[in-house]
Amino acid sequence: MEPTWREGNRIQLLPGAEHYVPALLDALGEAEESILFEQYLVASGRFASRVISALCDASHRGVQVFVLFDAYGAKGLDKQDRQRLEQAGVVIREFNPPLSFRRGSIFSRDHRKLLLVDSKVAFTGGFCIIDEFLGEWYDVVARIEGPVVQDWLSLFIGLWQSQATKGAETAPTFEGARYSLEPWFIGSFARVIWGRGYRQQAIRFSLLQQIESAQQTICLCTPYFLPTPSLKRKLAAAAKRGVDVQLLVAGKGHDHPTIFHAGRRHYTFLMNAGVKIYEYSSRFIHAKYAAVDDWVTIGSCNFDHWSLRWNLEANQEVQDVEFADETRRLFAQNIAASEKIDPTEWASRPHYQKLKETMAGTLTAYLTRLR
Ligand SMILES: O=P(O)(O)OC[C@H](O)CO
């Protein structure tokens, strides 16, 4: 399967728990035939309980429910919750569980976040199923309808059937495209794009290509800013040729302070080239999206070394003037809740802060080179 652009999709941004959680629970509650749910980080708690109840209810009313968890990411899901799912008839598989380490690195994780309902609607973005995502952290999801949903379906089924996943032997009884690949709406041009460590770097290459050919604006939001050298160089080059380049990263409440400080090492280089940098300051931002002129990408990929080296990632790309404008409006709202890094003040930051950046940078550089 190759990433393929498809016409006639309807894509809607769902920013924050207040928009995403009701949409998620409504979709699960309205499912009639099938639910396919793929998730990296899941832990027992209030959010997981609500999702598990909705999955169990769906299964009880005859909906086929297939859940694919990353074995490491879902280790916080307790036995009772797993039993609840299994007893309700939910079929569970896990990606790269401990005893299959020989098949690949223990660092190889299924980082994708995907929900498919009745093969008609898909959701992807940064949301995971832990309580922080009920509002303490901020994230964004895309709700997708149209022929491109069939590619999400194929992506899920491909991984479900692969040897990298273990668990229940039952498989979805449908394969790939169930509905027309012709346009469903007068709507967006879109494609699903995915990555798997170094083996498949399509998400990164696509982003780099867009940055390289950008004419007017680049808005990039990522919580974990550990850019590859090529991403950093291309952002700087775009700013130098007059493109308005804005970078939004997590600031307040960062869940990985080492990554926060390591990411800050790149600010001087980027700001010298003219890149505007914002740190989200109202709470922790976990969203992963970018708008470059009329092109948008949103999904699981952090655009960082970690995603590039080890993870399975999947994003929705959209080529649409109106959707790109909507995404930029969201970006503008997000930077309104952020602190802009002032280049002059940044240059005179305290030495201990620079030391933290150097130490964190050295550690993350070591970790990102592990194989
Ligand atoms: O790997 P991500 O981007 O889904 O983020 C997960 C959380 O940061 C775990 O602390």
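Note that ligands are numbered from 1 as they come in the structure, with each ligand's atoms numbered from 1 the same way.
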Original post:
In the protein, what heavy atom is nearest to atom 4 (O) of ligand 1, and what distance, to one decimal place, separates them?
Top reply: Lys113 NZ, 2.8 Å

**OP:** Kindly identify the option in Asp255, Asn302, Asp304 whose heavy atom sits closest to atom 10 (O) of ligand 1.
**Re:** Asp255

Original post:
Can you tell me which residue and heavy atom of the protein come closest to atom 6 (C) of ligand 1, and the distance to 0.1 Å?
Top reply: His286 NE2, 3.5 Å

**OP:** Can you label the angle between the His111 ring and the Tyr40 ring as parallel, tilted or perpendicular, going by 30° and 60°?
**Re:** tilted

Original post:
With backbone taken as N, CA, C and O and side chain as the heavy atoms from C-beta onward, which portion of Cys128 lies under 4.0 Å from ligand 1: side chain, backbone, both, or neither?
Top reply: side chain

Original post:
Going by atom types only, do Asp244 and Gln246 share a side-chain donor-acceptor pair under 3.5 Å?
Top reply: yes

Original post:
Looking only at protein heavy atoms, which one is nearest to atom 8 (O) of ligand 1, and how far off is it?
Top reply: Tyr224 OH, 2.2 Å

Subject >> With Tyr224, the side-chain hydrogen bond (donor to acceptor under 3.5 Å, both in side chains) member among Asp304, Asp255, Thr364 >> reply: Asp255

Original post:
How about His254 and Phe284: are their ring centroids closer than 6.0 Å?
Top reply: yes

**OP:** Starting from atom 3 (O) of ligand 1, find the nearest protein heavy-atom neighbour and note its residue, name and distance.
**Re:** Lys288 NZ, 2.7 Å

Original post:
Which of these, Val318, Leu330, Leu13, Ile11, sits in a side-chain contact (heavy atoms from CB on, under 4.5 Å) with Ile298?
Top reply: Leu13

Original post:
Do we see a donor-acceptor contact under 3.5 Å between the side chains of Arg84 and Ser53?
Top reply: yes

**OP:** Taking only heavy atoms of Leu41 into account, list the atoms of ligand 1 that are under 4.0 Å away from them.
**Re:** 6 (C), 7 (C), 9 (C)

Original post:
Among protein heavy atoms, which sits nearest to atom 1 (O) of ligand 1, and what does the distance come to when rounded to 0.1 Å?
Top reply: His111 NE2, 2.5 Å

